[in-house]
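One structure is given here, and the rest of the page talks about it.
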Amino acid sequence: MTAKNTSLDRAADLRTEPGVIDRLRFDETTRVIAVRDGRVRIAGDDLDAAALLRVSPSQITDATWALLGRDAQGGAVLLAVLPPEGDTVDTTPDETWLGLRDLGARLSAEDTELLIEALALSGWLRDAPFCPACGGATELRQAGWSRHCLVCGREHFPRTDPAVIVAVESSDGERLLLGANANWGGRMYSCFAGFTEAGESLESTVHRELEEESGVRLASLSYVSSQPWPFPRSLMLGFRAVAVDDHELRPDGEEIIDVRWFTRDEIGSALAGDGPVGLPGPASIARALIVSWFEERA
């Protein structure tokens, strides 16, 4: 689920219009994506055919509101962030609440972009009601895309934290290096990833993370693509790299408990679900990087 070209218009021109949220809430052509605890309402029980359930604004009685943009037909799409508990949306038996990992690549490109935008913005609206500088209360501005501190006057905006993720191949291109995170209990292997530190370039982050987590040094690397990942506000920047093979693998023992080279046949078997290990799900850029490497010489 790397970057896709869609027709989504974020409607930045409407964000400064006075009263735009109230106007759109009373327009029955407006559709709403409802989010609660990092999950969205989905219509139907067939996930392969699922679509984001865009309800009418009149169905929602209690929420924090923001403007997501215009859809492919030019209609406005609002975000409604619902309280953790309480029946604030009419529900029917054929509705359910699912997250990004549940839906993965099963949505259309347009709905995928709307889903990620809605989850990322809802997390900020939920978690950052106070000014980080003085602790004062804030009010929403720019249709939910900024907060103005009522005490010190500072303006605050949703944060995005850059992180790198890299698929490392051997010098002959026939093996892929993957690591097992301690949180997965050794059941799944994936690409190496880490957050960019203050004052650090993306390239330096890649080299540092591989050295820290696996003991591997890199001969070269190249950028591939990116993926917004709202857990809670990351932007994953994907790379491919070639390793210097004259060293011993050394997992850090804390975050990464095992590091292994996998042949193309082993990766193909794992992608098919036949082992020898589990791989990341289809919603992640990690799997996209692995699949890209596997298919390159298949």
For Gln73, the side chain to side chain donor-acceptor pair (under 3.5 Å) test, sequence neighbours excluded, returns none

Please list all pairs meeting salt bridge (Lys or Arg N to Asp or Glu O under 4.0 Å) that have one or both residues in residues 119-136, counting only residues at least two apart or in different chains. none

First locate atom CG of Leu237, then atom OG1 of Thr205, and finally report the distance between them rounded to the nearest 0.5 Å. 9.5 Å

Please name all residues satisfying side-chain contact (heavy atoms from CB on, under 4.5 Å) with Leu249, sequence neighbours left out, ordered by chain then number. Leu177, Val216, Val259, Trp261

side-chain hydrogen bond (donor to acceptor under 3.5 Å, both in side chains): which pairs involve residues 13-22, sequence neighbours left out? Asp13-Arg70, Glu17-Arg23

Please list, chain by chain and in numerical order, all residues satisfying salt bridge (charged side-chain N to carboxylate O under 4.0 Å, His left out) with Glu213, sequence neighbours excluded. none

side-chain contact (heavy atoms from CB on, under 4.5 Å) partners for Asp265, two or more places apart: Thr263

Kindly state each residue pair satisfying salt bridge (Lys or Arg N to Asp or Glu O under 4.0 Å) with at least one member in residues 266-276, sequence neighbours excluded. none

List for me each residue that meets side-chain contact (heavy atoms from CB on, under 4.5 Å) alongside Ala118, sequence neighbours excluded, and say none if there are none. Ile33, Val35, Leu68, Leu79

Counting only pairs under 3.5 Å, give me each side-chain donor-acceptor contact of residues 158-166, with atom names and distances, residues two or more places apart or in other chains.
from	atom 1	to	atom 2	distance (Å)
Arg159	NH2	Asp161	OD1	2.8
Asp161	OD2	Arg233	NE	2.9

So the salt bridge (Lys or Arg N to Asp or Glu O under 4.0 Å) pairs with at least one residue in residues 186-196 (sequence neighbours excluded) are none

Mind checking what makes side-chain contact (heavy atoms from CB on, under 4.5 Å) contact with Pro230, not counting sequence neighbours? Leu100, Ile116, Leu119, Ala120

Tracing side-chain links under 4.5 Å among I, L, V, M, F, W and Y, which residues wind up in one group with Trp184? Met188

Under a 4.5 Å cut-off applied to non-hydrogen side-chain atoms, are Phe157 and Gln142 in contact? yes

